[in-house]
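Just so it is clear, the values below take in all heavy atoms, side chains as well, and ignore hydrogens, waters and symmetry mates. Everything quoted here is computed from the prediction, not taken from an experiment.
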Amino acid sequence: MVIAFHPSVAGYRAPWPDSLRVAREAGFGAVDLDLEQMVDAHDPDDVRGALEAAGLRAGACPLPVEMRQDEATFEAGLARFARVASFAAAVGVHAMHRSVPAASSRPAAEFVPVLRCRWRACAAIAREHGVTLAVEPLGPLYRRRAGPHEILWRLADVAAFADSCGPGVGLLIDSWHWHLGGSTAEEIAALRGVVAHVHVADVPPLPDDAQRDTERALPGEGVVDFEGFLRGVAGAGYDGIASLEIPGSWSTGLEPLVASQRALAAANGVM
């Protein structure tokens, strides 16, 4: 797999075009992009040219449509999505991703059909531009307790949800969420042809109820079974881009380039 720079490894202090420089100097093979922040300020041909000149591939980017709130919020994001999807296709973005809620104040029988309808609407636009979407399950206990009703967090359930959203919708497998969700390597391997993107981070040695998305560990410095995780990803037939999404205090006080080099070295050590 090609390892991509994610802005979290630089403490979110390297927006475009600084992210391009940091990714290139640190030795990454790809760079994740925040297209919602770029689409109004940059020409996609210029972005693609800069990537090619740096010898980097476009990685993944967030899907900039909020699907968990009210209909007006969703419709506002959807109205803008075609422009972002066109930009993504023009710069060669690998996949666009967003998580689904693990829990909600709304019952699953009521909320999941709404989420499915919204993902289908986004998928229809993405397909017009040849862009792949990736649904991300959230694994930690605090996410599963964020509301009284369980929604979607088990790997198999989220895979079935992604399949129900139509062609061009797959899964984002994140080693941090995978571990905290209690999934196995065999569950990943069973998703052959379904994995659309991968995030890599380690889980700090803390109690489950103390884990938070914002405090992750460098690969090899926590408790994730990366041998099993990578075996599962390989078994699923995925050999594309893996992004290092590793927010946390480990990068405090480090320059963006130094932090990025440290994260890449750690990832290379387990991958």
Would you say the side-chain atoms of S175 pair up with the backbone N or O of A201, donor to acceptor, closer than 3.5 Å?
yes

Check ion pair E255-R13 (N to O, under 4.0 angstrom):
no

Is a donor on one side and an acceptor on the other found under 3.5 Å between the side chain of S243 and the backbone of E245?
no

For D46, is the CG atom crowded, meaning more than 12 foreign heavy atoms sit under 6.0 Å from it?
yes

Does the E215 side chain pair with the main chain of S249, one donor and one acceptor, at a distance under 3.5 Å?
yes

When you group the ILVMFWY residues by side-chain heavy-atom contacts below 4.5 Å and let the links chain together, are F161 and L138 in the same group?
no

Between F5 and S19, what is the shortest heavy-atom contact and its length?
CE2-CB, 3.6 Å

Side-chain contact, heavy-atom cut-off 4.5 Å: D174 with F229?
no

Examine distances only and state if a side-chain atom of H129 and a backbone atom of V131 form a donor-acceptor pair shorter than 3.5 Å.
no

How about H149 and S105: does a side-chain donor come under 3.5 Å of a side-chain acceptor?
no

Give a yes or no answer on whether the side chain of R98 reaches the backbone of L63 with a donor-acceptor pair at less than 3.5 Å.
yes

For R48, is there an ion pair with D43 - N to carboxylate O distance below 4.0 angstrom?
no

Has R144 got a side-chain atom pairing as donor or acceptor with E150's backbone, closer than 3.5 angstrom?
no

Under 3.5 Å, side chain of D32 to main-chain N/O of A60, donor-acceptor pair present?
yes

So does P204 get a backbone contact from the side chain of Q211, meaning a donor-acceptor N/O pair under 3.5 Å?
yes

Where do V22 and S260 come nearest, in terms of heavy atoms and distance?
CG1-OG, 3.3 Å

Any R118 side-chain heavy atom under 4.5 Å of V65 side chain
no

Hey, is D40 close enough to R80 for a salt bridge, meaning N to O under 4.0 Å?
yes

So which atom in D202 and which in W176 form the shortest heavy-atom distance, rounded to 0.1 Å?
O-CD1, 3.2 Å

Please verify the inter-ring angle class for H197 with H97; under 30° counts as parallel, over 60° as perpendicular, anything in between as tilted.
parallel

Heavy-atom side-chain contact between R212 and Y142 under 4.5 Å
yes

Whether T184 side chain and E187 backbone form a donor-acceptor pair below 3.5 Å:
yes

On a heavy-atom basis, the closest approach of Y238 and H94 is OH-NE2, 2.9 Å

Treating R192 as the side-chain partner and G235 as the backbone partner, does any N or O pair qualify as donor plus acceptor under 3.5 Å?
yes

H177 and H199: aromatic ring centres closer than 6.0 Å?
no

Any idea which heavy atoms bring S183 and L155 closest together, and the distance?
OG-CB, 3.7 Å

How close do C122 and L133 get, heavy atom to heavy atom, and via which atoms?
C-CD1, 3.9 Å

